[in-house]
Each structure stands twice: as C-alpha cells, then as structure tokens.
Amino acid sequence: MSNTSFLRPSTFLLTGIPGMAGGNMWIAIPFCSMYVISIVGNSTVLLVIKADHSLHKPMYFFLSMLAVAELGVSLSTLPTVLSVLLFDSREIGLDACLAQMFFIHCFSIMDSGVLWAMAFDRFVAIYNPLQYASVLTTPRIGLIGLGLTVRSVVLLIPLPILLRRLPFCRSHVLAHAFCLHPNLIQLPCADVQVNSIYGLFVVLSTFGLDSVSIVLSYVMIIKTVLSIASKEERLKALNTCVSHICAVLIYYIPMIGVSMVSRFGKHVSPLIHVLMANIYLLVPPVLNPIIYSVKTKQIRRGICKLLTSKWH
C-alpha cells in the first residue's frame with residue numbers, strides 16, 4: 001500500500017532531493033547557508049538604504065522593493081524546505097499549501113515587476129538625466145510599488161480559490177519541498193482546464209509583459225547610448241545598468257529553464273526538475289544583494305558605515 005493512502009484527503013507530502021534521502025542533513029547545510037545569505041544580504045540592503053538619506057533616490061527605492069520581494073520569496077519557501085531537510089517532516093495541509101503557493105507566486109511576480117520598474121528607471125536616467133528626479137518623484141515611485149503589489153495580489157487570489165474547490169483523489173505527493181501551482185494542478189481528479197487557462201493568463205500578463213517591457217527599455221537605452229558622442233560617457237551610462245542586467249539574467253534564465261524542463265522534460269530525471277525549481281527560487285535572492293553590494297559604490301560605502309557604527 002502506498003504512503004499516500006494513509007494521508008487525510010487534505011494533506012500532501014513534500015519531496016526533498018530525489019535519491020538523497022539519507023543525506024538530507026548534509027544537503028541542508030548549503031540550503032541553510034543560502035537562506036542566511038539571502039535574509040542577511042537583503043535585510044542589510046534595506047537597512048543601508050533606510051539609514052543613508054543620500055540613497056533616498058529612485059534607483060535605491062526600487063532596489064529596496066527588489067530586496068523586499070526577494071526576502072518574501074525566501075521566507076515563503078524556508079519553513080517547508082528546512083522542515084523536510086532537517087526534520088524529515090513532509091506533511092503539509094491543503095490550506096497551508098495553498099497559502100504558501102500564493103505567497104511564493106505573489107512575491108515572484110512582484111520581483112519581476114520591480115525588475116521592469118528598474119529597467120524603466122535606468123532608461124529615464126540615461127535618456128533624460130536632467131528631468132530624472134522630476135519624472136520619478138517619491139510619490140510616483142510609491143504608486144508604482146503599490147501598483148505592483150496590487151497587481152500580484154489581485155491576479156493571484158483566484159488561484160487558491162479555484163484549486164480549493166477541486167477533489168484531490170490522486171497521488172498527494174508533491175514534486176518539491178514547497179507548493180507551486182504547476183505541480184498542484186496535476187493532482188486533482190477533475191477537469192483543471194479553467195485553472196490551466198487562468199494560470200497561463202497570469203504568466204503572460206505578468207512575466208511575459210514584464211520581460212517584453214524590459215527588452216524594449218534596453219532597446220531604447222542602447223539607442224540613446226549610441227547617440228552619445230563621447231565614448232567615455234557611453235561606457236559610464238552603460239556601467240550604471242550592469243547590476244540590473246545581472247539581476248535580470250539571474251532571474252529570467254532559471255525561470256526559462258524551469259519552464260522548458262516542465263514542458264519538454266517529461267523523461268528528464270526528477271532531480272533535474274527539483275534542482276531547477278530550487279535554483280529559480282533560491283539563487284536570485286542570494287546573488288542580487290551580493291551583486292549590488294559589489295557593483296554599487298554607494299551601497300558598499302553604506303554597508304561599511306553601518307558596520308562601523310555597530311562596532312562602535
């Protein structure tokens with residue numbers, strides 16, 4: 001008899017790293033390290049921007065939004081990932097699973113939206129530097145942040161509601177150590193066409209629209225940079241975009257990888273599916289604060305100032 005037959009109808013089984021059940025404690029070490037780096041790194045970025053009034057500028061406000069979104073992604077996955085790896089606690093209730101799914105996807109969509117806003121910020125700064133501060137005022141930045149949050153919440157509220165009404169009478173074993181919509185819609189023994197169509201609509205209206213907007217922003221940035229006469233000024237303008245380009249690549253390349261593996265990798269090892277999903281959700285929150293701390297002199301200086309004041 002399968003393990004799932006002992007589970008209550010509203011309970012699911014989370015999955016750790018396939019084929020490595022005996023070494024969960026060792027696998028937990030790099031995962032714990034990544035969570036610590038993500039939480040400390042993004043929290044430090046937020047503290048530095050809050051403490052240093054010279055960083056109260058559009059670029060750094062958007063960077064703080066990115067840090068909040070990535071903290072949200074990390075904190076949404078942390079409880080179940082560490083409970084599976086450290087304590088082999090694999091059961092999760094339907095309501096808890098749907099709540100986790102909502103927050104993971106909500107913060108991921110916010111992450112994508114903030115990356116688009118940061119691309120627009122770089123375009124305005126390069127295209128019209130004299131009007132930069134008057135175009136991206138603090139109230140407007142606040143409205144952009146509010147709009148991105150409302151977009152995420154409003155679009156995602158129907159997902160758990162649509163899933164909640166379905167009967168889950170097939171396997172209750174999830175493919176990951178956290179709950180994701182593409183995985184959950186494979187488990188009901190009912191028609192999930194509405195769920196699939198709405199899920200695709202959410203993806204296209206958020207990630208699809210954001211990625212196209214980012215590409216268009218950089219087309220306009222490159223066009224503007226090429227019109228600058230001085231080579232030194234051209235390099236200086238492009239250098240302000242390096243950190244953001246890295247953040248975009250770190251975010252979208254794993255996402256495309258996850259999508260390709262999910263759609264065309266039916267015969268691929270489950271280990272690949274799990275690793276790709278973990279890379280997509282865990283790596284950007286770890287690397288982005290490091291990249292911005294290394295590449296941005298003002299953030300670097302702010303961290304040194306913060307550490308010095310704490311030391312004294």
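Note: hydrogens, waters and symmetry copies are ignored here, and every other heavy atom, side chains too, is used. One-based numbering along the sequence shown.
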- request: Give a yes or no on whether V36 and I291 share a hydrophobic cluster (residues Ile, Leu, Val, Met, Phe, Trp, Tyr; joining criterion: side-chain heavy atoms under 4.5 Å apart).
  value: no
- prompt: Given F120 and F62, is the ring-ring contact (aromatic ring centres under 6.0 Å, His included) satisfied, shown in steps?
  reply: CA-CA 10 Å; F120 178 70; F62 288 127; 8.3 Å; no
field: M59 and R122, any side-chain heavy atoms less than 4.5 Å apart
entry: yes
- prompt: For L14 and H176, what are the C-alpha separation, side-chain angles and deciding distance, and is it a side-chain contact (heavy atoms from CB on, under 4.5 Å)?
  reply: CA-CA 6 Å; L14 299 163; H176 308 291; over 6 Å; no
- request: Please check if V68 and V153 belong to a single hydrophobic cluster, counting links between Ile, Leu, Val, Met, Phe, Trp and Tyr side chain heavy atoms closer than 4.5 Å.
  value: yes
message: Main chain of P285, side chain of N42: is a donor-acceptor contact present, judged purely on distance under 3.5 Å?
response: yes
- line: On a heavy-atom basis, the closest approach of L180 and M101 is C-CG, 4.1 Å
field: Working for ring-ring contact (aromatic ring centres under 6.0 Å, His included), residues H244 and Y218
entry: CA-CA 11 Å; H244 179 254; Y218 272 99; 5.7 Å; yes
message: Any heavy-atom pair between the side chains of S211 and W116 that's under 4.5 Å?
response: no
- prompt: Taking a hydrophobic cluster as the set of Ile, Leu, Val, Met, Phe, Trp and Tyr residues connected by side-chain heavy atoms closer than 4.5 Å, whether directly or through intermediates, do L187 and I161 fall within one such cluster?
  reply: yes
task: Kindly work out whether a path of hydrophobic side-chain contacts (I/L/V/M/F/W/Y, heavy atoms less than 4.5 Å apart) joins Y198 to L204.
output: no
- prompt: Is a side-chain N or O of T15 found less than 3.5 angstrom from the main chain of L174, in a donor-acceptor match?
  reply: yes
task: Work out which heavy atom in L155 is nearest to a heavy atom in S205; give both atom names and the distance.
output: CD1-OG, 3.9 Å
task: Evaluate the side-chain proximity of T206 to S112: yes if any heavy-atom separation is below 4.5 Å, no if none is.
output: no
task: Measure the shortest side-chain to side-chain distance between Y35 and T77 over non-hydrogen atoms and say whether it is less than 4.5 angstrom.
output: yes
task: To the nearest 0.5 angstrom, please state how far the CD1 atom of I290 sits from the CD1 atom of I37.
output: 5.5 Å
- prompt: Between the side chains of Y251 and S108, does any donor sit under 3.5 Å from an acceptor?
  reply: no
message: Can you see whether Y132 engages D121 through a side-chain donor-acceptor pair at a distance of less than 3.5 angstrom?
response: yes
I299 and Y60, any side-chain heavy atoms less than 4.5 Å apart: yes
- prompt: Between T240 (side chain) and A237 (backbone), is there a donor-acceptor pair under 3.5 Å?
  reply: yes
- prompt: Using a distance-only test with no angle check, is there a side-chain donor-acceptor pair under 3.5 angstrom linking S83 and S89?
  reply: no
message: Between T296 and Q298 (side chain of the first, backbone of the second, donor and acceptor by atom type, cut-off under 3.5 Å), is there such a pair?
response: no
Parallel, tilted or perpendicular: rings of H53 and H56 (30°, 60°): perpendicular
query: How many angstroms lie between CD in E91 and OG1 in T80, if you round to the nearest 0.5 Å?
result: 14.0 Å
- request: Let me see the working for I92 and Q100 under side-chain contact (heavy atoms from CB on, under 4.5 Å), right down to the final yes or no.
  value: CA-CA 10 Å; I92 184 170; Q100 185 185 48; 4.3 Å; yes
- prompt: Do L63 and I49 pass the side-chain contact (heavy atoms from CB on, under 4.5 Å) test, and can you show the C-alpha distance, the side-chain angles, and the key distance before you say yes or no?
  reply: CA-CA 9 Å; L63 179 56; I49 293 171; 4.2 Å; yes
query: At what distance, to the nearest 0.5 angstrom, does CG of L82 lie from CZ of F87?
result: 8.0 Å
query: Taking C-beta and beyond as the side chain, do V192 and L163 meet within less than 4.5 Å on heavy atoms?
result: no
message: Test side-chain contact (heavy atoms from CB on, under 4.5 Å) on I256 and M260; report intermediate values, then the result.
response: CA-CA 6 Å; I256 293 167; M260 295 295 286; 4.1 Å; yes
statement: The remaining residues in the hydrophobic cluster of I222, counting side-chain heavy-atom contacts under 4.5 Å among Ile, Leu, Val, Met, Phe, Trp and Tyr, are L226
Over all atoms of both residues, closest heavy-atom pair of I104 and C179: CD1-O, 3.8 Å
query: To the nearest 0.5 Å, how far apart are CD1 in I126 and OG1 in T224?
result: 7.5 Å
- prompt: Does M255 reach the side chain of F207, with side-chain heavy atoms less than 4.5 Å apart?
  reply: yes
message: Taking D210 first and then R151, would you say they form a salt bridge - that is, a charged N and a carboxylate O separated by under 4.0 Å?
response: yes
message: Any side-chain to backbone donor/acceptor pair from N278 onto V274? Under 3.5 Å, distance only.
response: yes
- prompt: Would you say the side chain of F107 lies within less than 4.5 Å of the side chain of L75, judging by non-hydrogen atoms?
  reply: no
- prompt: Linking I/L/V/M/F/W/Y whenever their side-chain heavy atoms sit closer than 4.5 Å, directly or via other members, would L148 and L143 fall into one cluster?
  reply: no
query: Got a second to check how far R301's CZ is from I303's CD1, nearest 0.5 Å?
result: 12.0 Å
query: Which atom pair, heavy atoms only, marks the closest approach of F168 to P188?
result: CE2-CG, 3.6 Å
task: Considering non-hydrogen atoms only, spot the tightest contact between P58 and L136 and give its length.
output: CG-O, 3.4 Å
Heavy-atom pair of closest approach, residues K295 and V242: CE-CG1, 3.7 Å
- prompt: Looking just at side-chain N and O atoms, do Q131 and S134 make a donor-acceptor pair shorter than 3.5 Å?
  reply: yes
message: Ignoring hydrogens and geometry beyond distance, is a side-chain donor-acceptor pair present between E70 and S38 at under 3.5 Å?
response: no
Separation of L184 CG from L166 CG (nearest 0.5 Å): 10.5 Å
R234 side chain to I228 backbone, donor-acceptor under 3.5 Å: yes
Salt bridge (charged side-chain N to carboxylate O under 4.0 Å, His left out) assessment of R164 paired with D95: CA-CA 8 Å; R164 190 73 176 76; D95 291 333; 2.8 Å; yes
field: Co-members of the apolar cluster containing L130 [side chain, <4.5 Å]
entry: none
